[in-house]
Visitor: 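Let me give you the structure first, and then I'll get to my questions.
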Amino acid sequence: MNDFLLEQPVGKLMMKFSIPCIASLLISCLYNIADQMFVGNGIGYVANAATGIIFPLTVLGLGLALLFGDGAAAAYSLKQGTDKTPQIGLFTGQTIWMTFLTGLVITIIYFLFPEQVLEILGSSEGVADMARQYGNIIVLFIPFAMLQNALSPVIRAHGAPGYAMFCMVCGAVFNIIGDWLAVFVFKFGIQGAAWATVLGQVLSLVLSLIYFMRPKQMMLHLSNFKIHQATDVQIICLGVSSFLSQFSIVIITVVNNLLLVHYGALSQYGSEIPLAAFVVLMKLFQVVVNIAVGMGAGCQPIAGTNFAAGKQERIRILFKRMMIVTTIVGLAATACFFLFTRELVSIFGAQDALYMNFAIQVVRIYLSLITLTCLQKVCSIFMQSVGQAGSAAFLSILRDGLLILFSIAFAQIGGLNGIVYAAVAADLCAFAITAVIVIRFFARMPMLIKRQQELYAQA
């Protein structure tokens with residue numbers, strides 16, 4: 001058992017685990033954001049729209065990776081809170097084979113039906129060719145990208161958040177340099193940006209695997225890859241909220257793409273400008289939300305271990321501090337989105353005045369309540385950390401599910417403006433429901449801890 005998770009000051013533990021996790025997720029964002037920045041400035045906003053078409057597939061891959069990676073990390077952390085000494089190799093082996101197999105399925109489906117997949121993702125005629133060039137490379141390597149994302153939370157749960165961050169940093173630096181060389185020096189276009197991304201991900205994966213295969217501390221053995229049904233079920237149950245959280249982004253992106261193409265064609269902006277503007281919007285959204293998610297995921301070993309050990313007061317202190325930090329981050333981001341909107345949008349290219357006007361408008365409205373979004377996401381991860389799989393799964397899709405419904409309904413009333421304001425309504429409703437569920441959890445926490453301890457005593 002990791003006694004330091006039960007005894008060290010909560011604030012000190014939060015810094016030790018959350019900062020590397022936040023950094024890792026922000027660096028992960030850089031893979032896609034770097035592509036957007038370089039292709040947006042080097043090729044044009046149509047290239048941004050093309051990468052946005054492929055974005056749902058990469059998020060789907062991330063969601064499946066976190067299904068197994070976050071699930072394994074949560075299961076391992078909960079077992080550390082008992083007197084048991086779980087072996088990290090078992091959780092890692094199961095994570096690797098399940099992740100790679102599902103990634104392979106995505107790749108096969110895409111290459112069997114490329115035109116149909118692009119159409120479902122909302123591709124328009126103006127961006128289809130670029131989206132195909134970019135997607136062919138990204139999806140070919142998606143099993144390896146998924147493995148890299150799945151192993152990071154497992155490494156953090158094992159007590160090495162710094163190494164997990166190191167793996168991400170190396171890949172991201174390679175990607176940024178590769179993007180610059182491919183787009184501006186060698187003029188390889190959008191395909192060059194794709195190659196820089198996948199090679200950076202492969203580098204991060206190799207470094208992650210080295211962690212488990214060091215000669216003096218070999219953690220992975222062939223026996224770890226045999227199907228272990230009980231462990232696999234527990235991993236999937238605890239990781240499903242992470243998957244649903246990412247999968248809901250896929251649905252939102254696809255629905256938004258279809259709505260933007262349809263209602264954009266009926267407006268002065270046309271189809272490509274709304275598509276490109278929402279790609280930029282989602283990148284800014286992703287950066288801020290990943291800070292909140294990184295803090296929640298980083299605190300997962302702390303929450304899980306202390307919950308399983310019955311440390312109620314430490315759980316309350318941890319949750320309170322998570323909420324305070326998240327609120328500060330959200331409010332600071334909101335201020336930046338209002339004060340420096342033009343500068344932030346310009347990072348991704350600013351070739352067209354009509355495009356800039358639309359992008360500035362949607363950023364300010366769509367992200368106006370991002371503080372509530374962040375708080376809701378952190379609560380979802382917290383519930384996952386303390387073993388409340390059902391509540392975590394519900395909360396993980398609550399805000400995004402409401403956003404899908406509101407986007408469809410509001411678009412019929414207000415067209416493009418309706419799609420933008422749907423986010424404001426979804427944030428308000430999701431936060432109110434989440435608050436009720438979290439308050440109920442803390443009222444029932446003593447009983448839930450007792451039930452959890454009885455479960456592991458029988459295992």
Side-chain angles (χ1 to χ4, degrees), residues 28 31-33 35-36 39 43 45-68 98-150 189-199 201-202 243-265 271-272 274-276 278-279 281-283 286 397 400-401 403-404 407-408 419:
S28 180
Y31 279 108
N32 197 262
I33 290 176
D35 284 356
Q36 307 276 228
V39 303
I43 303 173
Y45 68 78
V46 174
N48 265 343
T51 60
I53 294 299
I54 302 302
F55 178 66
L57 287 179
T58 63
V59 176
L60 175 61
L62 174 61
L64 289 167
L66 295 182
L67 168 66
F68 305 118
M98 289 191 290
T99 302
F100 190 80
L101 183 62
T102 53
L104 201 58
V105 170
I106 293 176
T107 300
I108 291 171
I109 291 175
Y110 174 84
F111 281 101
L112 285 177
F113 311 102
E115 302 302 325
Q116 293 89 334
V117 170
L118 291 177
E119 184 178 351
I120 291 172
L121 295 177
S123 178
S124 65
E125 291 184 7
V127 301
D129 184 56
M130 275 194 181
R132 190 181 303 107
Q133 294 177 43
Y134 185 75
N136 287 349
I137 298 168
I138 294 295
V139 181
L140 180 64
F141 282 82
I142 210 167
F144 304 99
M146 287 173 57
L147 268 182
Q148 176 257 316
N149 283 306
I190 200 166
Q191 290 178 310
W195 277 111
T197 296
V198 298
L199 292 177
Q201 291 167 337
V202 169
F243 167 72
L244 291 175
S245 180
Q246 297 297 323
F247 185 69
S248 61
I249 295 175
V250 175
I251 303 300
I252 287 172
T253 306
V254 172
V255 170
N256 261 356
N257 285 350
L258 295 171
L259 291 174
L260 291 169
V261 168
H262 175 73
Y263 288 99
S271 299
E272 279 71 40
L275 274 176
F278 263 76
V279 168
L281 165 73
M282 291 307 296
K283 298 311 151 200
Q286 192 178 13
I397 62 171
D400 297 334
L403 179 56
I404 292 169
S407 294
I408 295 172
I419 300 171

Visitor: Output the distance between atom CD (Q286) and atom CG (L281), rounded to the nearest 0.5 Å.
Guide: 11.0 Å

Visitor: Using the rule given for side chain to side chain contact (heavy atoms under 4.5 Å, CB included), can you reason through L64 versus I106, listing the C-alpha separation, both sets of side-chain angles and the distance that settles it, and then say yes or no?
Guide: CA-CA 10 Å; L64 289 167; I106 293 176; 3.6 Å; yes

Visitor: If I compare all heavy atoms of G264 with all of P274, which pair ends up nearest, and what's the gap?
Guide: CA-CG, 4.1 Å

Visitor: Got more than 12 heavy atoms from elsewhere within 6.0 Å of CD, E119?
Guide: no

Visitor: Check whether any side-chain heavy atom of I137 sits under 4.5 Å from a side-chain heavy atom of V198, and report yes or no.
Guide: yes

Visitor: So for atom CZ, which belongs to F113, do other residues, nucleotides or ligands contribute more than 12 heavy atoms lying within a distance under 6.0 Å?
Guide: no

Visitor: Show the nearest heavy-atom pair for residues F247 and L60, with the distance to one decimal.
Guide: CD1-CD1, 3.7 Å

Visitor: Starting from the C-alpha separation in whole Å, work towards a yes-or-no answer on side chain to side chain contact (heavy atoms under 4.5 Å, CB included) for L57 and V117.
Guide: CA-CA 10 Å; L57 287 179; V117 170; 4.1 Å; yes

Visitor: Ignoring hydrogens, what is the shortest heavy-atom contact between Y134 and A194? Give both atom names and the distance.
Guide: CD1-CB, 3.7 Å

Visitor: If you measure from CD1 on I54 to CZ on R132, what distance do you get to the nearest 0.5 Å?
Guide: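 It is 9.5 Å, given to the nearest 0.5 Å.
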
Visitor: How many angstroms lie between CG in L260 and NE2 in H262, if you round to the nearest 0.5 Å?
Guide: 11.5 Å

Visitor: How are the rings of F144 and F141 set relative to one another: parallel (under 30°), tilted (30 to 60°) or perpendicular (over 60°)?
Guide: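 Rings of F144 and F141: tilted, as their planes differ by 30° to 60°.
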
Visitor: Report yes if the side chains of F278 and I419 come closer than 4.5 Å at any heavy-atom pair, otherwise no.
Guide: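 Yes, their side chains come closer than 4.5 Å.
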
Visitor: Let's go through I252 and S407 carefully: what are the C-alpha distance in whole Å and the side-chain angles of both, what is the deciding distance for side chain to side chain contact (heavy atoms under 4.5 Å, CB included) to 0.1 Å, and is it a yes or a no?
Guide: CA-CA 9 Å; I252 287 172; S407 294; over 6 Å; no

Visitor: Would you name the heavy atoms of A65 and A150 that are closest together and state the gap between them?
Guide: O-CB, 3.4 Å

Visitor: Which value, rounded to the nearest 0.5 Å, describes the distance between I138 atom CD1 and T107 atom OG1?
Guide: 11.0 Å

Visitor: To the nearest 0.5 Å, tell me how far D400 CG sits from I251 CD1.
Guide: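 D400 CG to I251 CD1: 10.5 Å, rounded to 0.5 Å.
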
Visitor: Between N149 and L62, is there a donor-acceptor pair closer than 3.5 Å when you use the side chain of the first and the backbone of the second?
Guide: no

Visitor: Can you tell me how far CG of L147 sits from CD1 of I142, rounded to the nearest 0.5 angstrom?
Guide: 11.5 Å

Visitor: Please give me the minimum heavy-atom distance between T102 and T99, naming the atom from each residue.
Guide: OG1-O, 2.8 Å

Visitor: Side chain to side chain contact (heavy atoms under 4.5 Å, CB included) between V127 and I53: does it pass, once the steps are laid out?
Guide: CA-CA 8 Å; V127 301; I53 294 299; 4.1 Å; yes

